[in-house]
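Here's the structure we're looking at; comments come further down.
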Amino acid sequence: MSSTKEVRVRFAPSPTGELHVGNIRTALFDWAYARHTGGRFVFRIEDTDTDRVTDEYIQAALGTLRWLGLEWDEGPEVGGPYGPYLQSQRLDIYAKYAQQFLDTGFAYHCYCSAEELEAVREAQRAANNAPGYNAHCRNLTPEQVAEYLTLGRKPVVRMLMPEGSTTFTDLIRGEVSFDHNFVPDFVLARNDGSPLYTLAVAVDDVLMKITHVLRGEDLLSSTPRQIRVYQAMGVAPEDYPLFAHLPFVMGQDNAKLSKRNGEVSIAWYREAGYLPEAICNYLALLGWSPGEDREDVTMQELVELFTVERVHSSPARFDMKKLEAINGDKIRALTPEAFLNWSLPFLTRAGVITGRESEVALVKLALPIIQERITTLAEIPPMLKFLFTQDFAVAQDSLSKIADEQSKKVLQVSLDRLTSLAEWSHEGIEGVLRAALIEELALKPRVAFGAVRIAVTGSHISPPLFESMELLGKEKSLERIKASL
Ligand code: GLU
């Protein structure tokens, strides 16, 4: 390929559900490669399977890419010179090529019924032969065709795979070769004229002038068929797109990642409080590495450092713990404003605040004391709830933990000493409680402060105790200790 050719990379999902981790890893690499090379990132929706791809899923896919910051240069909503970018709006183009391939002898009409095809497969299975179409309709006589037509059969369009093999250089795997004995003649268009994936994907990659196809390894075996379509279209080999098949993403159990062995929907991560930059950082590491054992990359660094040479061919293992750790790091790296902006929707959705100015002001004060301690944004509402509840009450099971004599003593002493504390600051609160509980009563901090924590926040897990009490205020803190007693 000449070096002056503009790089054009496409992400071409068939949204038959929410985009999942594997799709997004592909989208991220496509995007990063386009940005790294100064090329164009093309987003195409492969929705010819109208039974399974719904408008709702398409809209969700657009939303997910936008949320992740993977803006596209051409595609739905933004348009571009090679549109439309929804395959369902390009059906006449595929029909035209199917007809052209029939006319030029690259393809033929196949009249076999589903039962006949099944019988062929059954015989192949019985004989232990590779499954696939037996080329029955390749050379029908006009009489045979006439007979099928009188029977009312409507043909599919089938591509003829010639003897031989297809060899291409995969940018990640090196030279890959497919013997056509294992690539049977395949269907391009159904008998209602609708195109199949292989026809639509190959035609569009050519017409949209795609130079690089970075996609999942599961599509490796469809490549010789796509190359056959390029040949039928008359594309010169030097103009074929270059292929790079990304390694599988496996679950912890080494099986292919799926709903069964991991959480795969990006929408789920979004709701669970993962930041887009954490998801992108983590997914970037699934099959690629920035080198030097680094694990943290910003989007900008990903663009700078991303090369296909650094993509591995061996499968990547999805590791939820690592994603959590990265998410925690990215949360800690947020500016106070950004952290506030991410937090507010979680707090309102959970019903902890309604969004009043006074509430937001208190959230702003509270966030610094939890920013270091959380790994997902979803942890924020339960942590800050104690500051906002009107009808505060310690839950029964927590209450039972402070019902013993020692806890009562701790609470009584705390109440007495704090009542006379003039300046309600976390340093002041800490000083008073340490002197009374640790020094005078000689209690262990966990025992002493644990009881106060439950009384004041309602839970044994909370932000740092003294800061929490400072934020809650003297009146409410003492009221709650009293109520517990
Ligand atoms: N539409 C295909 C899919 O979602 C991918 C097409 C491609 O990348 O070649 O599986």
Side-chain angles (χ1 to χ4, degrees), residues 7-34 39-54 57-62 64-65 70 72 74-76 82 84-91 93-94 166 168 170-173 176 178 183 186-188 194-230 233 235 240-249 256-259 264-266 283 287 308 311:
V7 169
R8 295 178 55 82
V9 197
R10 85 321 190 260
F11 173 54
S14 308
T16 53
E18 300 274 3
L19 291 187
H20 55 74
V21 166
N23 298 132
I24 293 301
R25 197 271 314 256
T26 298
L28 180 68
F29 284 24
D30 289 331
W31 174 86
Y33 189 68
R40 308 274 287 172
F41 178 46
V42 180
F43 185 13
R44 179 174 75 228
I45 301 283
E46 306 213 318
D47 59 342
T48 54
D49 185 352
T50 44
D51 289 345
R52 293 171 64 223
V53 180
T54 65
Y57 289 140
I58 294 174
Q59 291 310 322
L62 305 186
T64 299
L65 249 65
L70 307 180
W72 53 99
E74 291 172 31
Y82 303 102
Y85 294 89
L86 259 66
Q87 288 190 330
S88 58
Q89 295 171 8
R90 302 171 63 82
L91 299 180
I93 300 176
Y94 313 128
T166 298
F168 62 94
D170 185 281
L171 297 177
I172 295 168
R173 269 143 238 281
V176 184
F178 286 91
V183 189
F186 58 95
V187 178
L188 292 167
S194 62
L196 270 97
Y197 161 71
T198 319
L199 173 62
V201 74
V203 164
D204 283 349
D205 284 342
V206 171
L207 297 185
M208 295 181 181
K209 300 206 166 16
I210 298 304
T211 59
H212 292 76
V213 173
L214 278 68
R215 61 178 178 183
E217 188 180 336
D218 49 325
L219 293 162
L220 182 67
S221 63
S222 74
T223 311
R225 290 191 279 270
Q226 277 159 251
I227 289 179
R228 190 61 189 153
V229 176
Y230 304 155
M233 290 174 82
V235 180
Y240 297 169
L242 298 174
F243 288 91
H245 287 91
L246 310 172
F248 280 124
V249 180
K256 214 181 145 197
L257 187 67
S258 69
K259 269 200 169 57
V264 290
S265 137
I266 294 295
L283 293 186
V308 175
V311 178

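For ligands, and for the atoms within them, numbers begin at 1 and follow the listed sequence.
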Task: Arg10 bridged to Asp30 by N-O distance under 4.0 Å - done: no
- [ ] Please name the residue in the list Leu214, Val213, Ile210 that meets the side-chain contact (heavy atoms from CB on, under 4.5 Å) test with Val9.
- [x] Leu214
- [ ] Indicate the ring-plane relationship of Tyr240 and Tyr230, choosing parallel, tilted or perpendicular according to the 30° and 60° boundaries.
- [x] tilted
Task: Heavy-atom closest contact (Tyr85 atom, Phe43 atom, distance) - done: CB-O, 3.6 Å
- [ ] Can you tell me which residue pairs pass the side-chain hydrogen bond (donor to acceptor under 3.5 Å, both in side chains) test with a partner in residues 11-20, sequence neighbours excluded?
- [x] His20-Asn23
Task: NZ/NE/NH1/NH2 to OD/OE distance under 4.0 Å, Arg44 and Glu74 - done: no
Task: Residues in contact with ligand 1, criterion: heavy atom under 4.0 Å - done: Arg10, Ala12, Pro13, Ser14, Glu46, Tyr197, Val201, Arg215, Leu219
